Every structure is written in structure tokens, then in C-alpha cells.
Amino acid sequence: MEKKTILSGIQATGALTLGNYLGALNNWVEMQDQYDCYYMIADLHTLTIRNNPEALRENTLKLIALYVASGLDPEKNTIFIQSHIPAHTSLSWILNCYTYMGELNRMTQFKDKSAKHADNINSGLFTYPVLMAADILAYNADLVPVGDDQKQHLEITRDIAERFNSIYGETFKIPQVYIAKDGARIMGLQNPTAKMSKSAEDPMDKILLTDTPDDIRKKFKKAVTDSENCVRFDKENKPGVSNLMSIYGIIKNKTMEEVEKEFEGQGYGVFKTAVAETVIERLEPIQKKYNDLLENPEKLKQIYKKGDKKAKEKSDKILKEVCKKVGLVIEE
Ligand code: TRP
């Protein structure tokens, strides 16, 4: 049986967090044998806010290095840079003509980002979900692993695809959200009721994948808990401790009951130290590989060039079919 296709991407903004790793990359690594996976760096999406050009370029390459360092095998996965594949922007334009203003107006991320960047509400920010739809539909992806905040964008992708199919006949596969086995959302360490975000202002709220062991120890030590001093999973009443338990459980492959048992009768001090050391141990080889790759730009280039080539082949075919259906003259 043919493998199902997976596509996902991360924007090239700043340093990734432990939340990105445990919530996304770590799951992607587990899918690499079972699926035909496409993972891109969404550098075009990053342009919807103002960036320092040098930093954007650097972040893009760093993110490729991090994909690979986290365990994504470039031989098994197609790792590529969104802006290197013209089919994304071409298809995005076409799909724009099949997407209604009213639909885009309802996107909560657009509302949030407009509020946050009130001085730069550009039309790219508005049509952001259409580019995302193009990313997905250009590969006929079956499954798209994304966090909760992107589910609405996947819904609009499905709507656009269905609309297109109903006008022109079966063209696009209708993609589904991929819910990971360890779907736990990693929350902030200082504010455990909100997702650990790379854009969080408080550096103590997030563990960066590039943090030193000392930073990591310090941040877990200061992590918000509660006064019960009992390691018990209760997201509602004990969001801080529950979040630390999730982090520990995912890395150690233990259920929450097992984690409770392991720390029974022990206080938060011991528990927090154990969580910190587990995270340090997991990140150490990743950091080493990441640093090695960054020192070897030729290797990095080889990786994305290989991915770019495969991504281009696949998406060109689908774009061509779309162009033909809508009435553009195409070269056979
Ligand atoms: N918008 C996504 C995010 O910010 C990134 C992204 C861009 C993406 N294109 C995609 C995710 C296609 C999945 C599929 O998280």
C-alpha cells in the first residue's frame, strides 16, 4: 500500500522551544518510517511580520539544522525551504481567487496578529491561510500535524479544496489534522495555563532548545507549581505540576500514573530536579548535532537542496493540473 503523505512546517521566527520539540518535532521523528513526510521551513509566512533580513536567513538555516538534529532523517523525509518552491506562491494566488474575504475575516489568528501588529496589518497577514492551504494542497497531503492554534487554518484549507473540487472535479485530496499520540500541549513554565510560546516575553517561561544545562536547571527550579507539594496530575487545579509531569512523561515514555508513583512522597524540589536533568539529557545530543551542522553549511545546503528537488517535482505536477483545470495555457 502506498504510504500516506504528511506535510507540516514551522515558521522561521527565532529560537524553538521545548514545546515545539515535544509537541511537534519529536512526533515527526516517530512518523518518518510510516509516512511519506514533507517538512518545510515556512519562511514566506514569516514575511507577514517585519523581520531583520539577516536574522530571517539565519533562522531558516538554523531551523533546518534543528529538524535534522532532532532526529528527522534527510534520507527518509523531504526537508525543504518553502520559498524555494515556486509552486507554493503560484498555487496560493490561484487559491486566493477561490477564497472569500468573509472566510478570511473570521480567522482568529488574523484577528490576534492584527491586534498585536496594529501598525502593519498587511494583506499577506490576511491571506496567510491561503498560502498555508497551498503548502498543503500542492502535495496532496493526507495528514497535517499542527497544534490547536492552526486547526482553523486547516479547516479553511479543507473548505477551499472542497470548493475547488466541486467546481473542477476531483483535484485535491481533503487533508486531515493529524493528532499525535503524545498530543500534550507543553505550557509555559511561569504561566502554565498558556502554551509555551517562542514569542513569550518572559525568558523564564520557556525552555529554548539551545539553552545551556544551567539555564534549564534554573528555569525548572523557578517553574510555577502550587502549595500542595504532591506530584499529582490534575490539569485544572495543578496546571504547573501537570505540565512538568507531561514533559517528564513524554521524554521517559511514562504514563502520568507511573510518574505519580515514581515521585510519591517526594516534594517538588526532587521532582523539578529530575525533570530538569531528563530534559538536559534529551537535549544534549540534539544540541551537539545542531552545532556540528551549523559549522558545516555545505552539509546543510546538501540537505535542503535534496529536499527542494523532491518537493519541486511533486508540487509542480499538482500545480500543472490545477493550472490546466482553471484554464491557463500550460506547456506539456
Ligand atoms: N502556520 C503554521 C504555524 O505558524 C506554519 C505552517 C505554514 C504550516 N504552512 C504550513 C503548518 C502547512 C502546517 C502545514 O504554525
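Owing to the predicted nature of the structure, the values given are computational and were not obtained by experimental measurement. Both counts, for ligands and for their atoms, begin at 1 and track the order of listing.
For the ring pair (Phe, Tyr, Trp, His ring centres under 6.0 Å) condition, the pairs that include at least one residue of residues 288-332, sequence neighbours left out, are H84-Y304.
Within 4.0 Å of ligand 1, protein heavy atoms come from L7, S8, G9, Q11, M40, A42, H45, Y128, M132, D135, I136, V144, V146, Q150.
Ring geometry for Y139 against Y38 counts as tilted: the plane angle lies between 30° and 60°, on a 0 to 90° scale.
Judged as a side-chain contact (heavy atoms from CB on, under 4.5 Å), and not counting sequence neighbours, the contacts of K151 are D148, V177, I179. Applying the side-chain contact (heavy atoms from CB on, under 4.5 Å) criterion to L47, with sequence neighbours excluded, gives L44, L56.
Of all heavy-atom pairs between N140 and T5, the closest is O-CB, 4.1 Å.
Using a cutoff of 4.0 Å between basic side-chain nitrogens and carboxylate oxygens, R217 and D214 are scored as salt-bridged.
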